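Input: a single structure, listed below in structure tokens.
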Amino acid sequence: MPSASVPPVPSGGDTADRGRVSSAGSSAASSSYWPVPLVRAVPLLVTAAVVTFSRDHSPFVGLVSFGVAALVGGLLLTVGVLLRLDDRSSRTLQVVQGVTTVVAGAVALAASSAGLAFFVALVSGWALVAGALELVAGLRRRGRSPLARDWISVGVLTLALGVVFLVVPLDYAQPLGGVEQIEGELTSSTVLVGVLGAWAAVVGVFLVIAGLSLRWQTDAGHGAAGHDGGGHGAAGRTDAGPAGRRTSTSTSTSTDDSIEPTSDEGQHA
């Protein structure tokens, strides 16, 4: 009787192959993006160095430092995303973030003498918008892209910058003094410009690590894929020989069984 056909059940090897293909596709999708975090880090690290080694933490210095970092960083982000990010929805969010950052940087440079209140309003407003956009982009790709973790981290840090700028009172002033009798006054401008420099240093270093990690993960993924391909080829050659011999033996046995009765009938005749 003809036997009913049974659909093949995927084996563990097939499932593992699909997992490797999916992982390789995810690595390939992010492999071209790794320079973007590195170039984003450059203006941030320069800003951190300028703020750290500058004694003047006035609103003017804060606006100029933020303006240059935002203008250059926003341009690099926008161009890098358009050239090297394949995911359409994430690309849209990142482009909006880049354009928003460029506009904020241009406004900061154009109104660099506007004062402390304008400095606080501009940086806090930008940080809340840009941080939210980057956080949403990361959450939407969480579990599906190695870029999601980096976007979430930078988004949270940027939102924290905006919150700090909103929390520090504009009229904050505290004499330095202390045991060393240091002359001067710690003002809200000094605190906020210092916080901006610290944020730029932390995010800049994080972006450098993120970019290099993406690069190393891509190289490791290509090496593992090549190793797996070689292993599968060897397995295929190993299995083919015994299977072929078993098939040949089975065919030979069937042929002998079908011939022997014919020979016996000839002898009886």
Side-chain angles (χ1 to χ4, degrees), residues 32-85 90-91 93-114 118-135 137-138 147 150-162 164-165 189 191-215:
S32 62
Y33 187 80
W34 69 267
V36 178
L38 294 180
V39 297
R40 286 182 65 187
V42 173
L44 293 176
L45 294 177
V46 172
T47 299
V50 170
V51 171
T52 301
F53 294 105
S54 175
R55 291 188 175 183
D56 184 5
H57 282 190
S58 63
F60 174 79
V61 172
L63 283 168
V64 171
S65 301
F66 170 75
V68 173
L71 186 62
V72 177
L75 286 173
L76 292 174
L77 175 62
T78 303
V79 175
V81 165
L82 289 175
L83 294 178
R84 292 182 171 271
L85 188 61
S90 300
R91 183 171 56 195
L93 290 172
Q94 295 277 287
V95 168
V96 173
Q97 177 187 343
V99 172
T100 302
T101 304
V102 169
V103 172
V107 171
L109 292 176
S112 57
S113 301
F118 181 79
F119 173 57
V120 171
L122 180 62
V123 174
S124 60
W126 166 82
L128 294 177
V129 173
L133 288 171
E134 192 146 13
L135 179 61
L147 304 175
D150 301 334
W151 290 341
I152 291 173
S153 301
V154 176
V156 170
L157 291 172
T158 306
L159 287 173
L161 174 68
V164 170
F165 264 68
S189 174
V191 172
L192 293 175
V193 174
V195 168
L196 178 64
W199 170 84
V202 172
V203 175
V205 172
F206 180 86
L207 288 174
V208 170
I209 297 173
L212 294 178
S213 298
L214 287 173
R215 177 61 175 172

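Residue numbers start at 1 and run along the sequence shown. Note that the structure is a prediction, hence the values are computed from the model and not measured.
Q97 and A130 make their closest contact through CD-O, 3.9 Å (heavy atoms, listed as atom of the first residue, atom of the second, distance). A pairwise comparison of heavy atoms in A137 and S90 identifies O-OG, 4.5 Å as the closest pair. A pairwise comparison of heavy atoms in V193 and H57 identifies CG2-O, 3.5 Å as the closest pair. Closest approach of G162 and S124 over heavy atoms only: O-CB, 3.8 Å. The nearest pair of heavy atoms linking Q94 to W151 is OE1-NE1, 3.7 Å. Nearest approach of F118 to A111, heavy atoms of both residues: CE2-CB, 3.7 Å.
Within the 4.5 Å cutoff, no side-chain heavy atoms of F206 are placed close to those of L44. Side chains of L212 and V208 form a contact here, defined as non-hydrogen atoms less than 4.5 Å apart. Between L38 and L207, the closest side-chain pair of non-hydrogen atoms is not below 4.5 Å. Counting heavy atoms from C-beta on, the side chains of L157 and V202 come closer than 4.5 Å. Contact annotation: the side chain of D150 never approaches that of P37 to less than 4.5 Å [non-hydrogen atoms, C-beta and beyond].
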When the side chains of residues 62-78 are checked against the rest of the protein, which donor-acceptor pairs come out under 3.5 Å, sequence neighbours left out?
| unit_1 | atom_1 | unit_2 | atom_2 | d |
| --- | --- | --- | --- | --- |
| S65 | OG | V61 | O | 2.8 |
| T78 | OG1 | G74 | O | 2.8 |

Applying side chain to side chain contact (heavy atoms under 4.5 Å, CB included), run through V51 and W199 and close with a yes or a no. CA-CA 11 Å; V51 171; W199 170 84; over 6 Å; no
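A donor-acceptor contact closer than 3.5 angstrom links the side chains of W126 and T101.
Of the residues V81, L133, T100, the one that meets the side chain to side chain contact (heavy atoms under 4.5 Å, CB included) test with V95 is V81.
A distance-only check finds no donor-acceptor pair linking the side chain of S113 to the backbone of F60 [under 3.5 Å].
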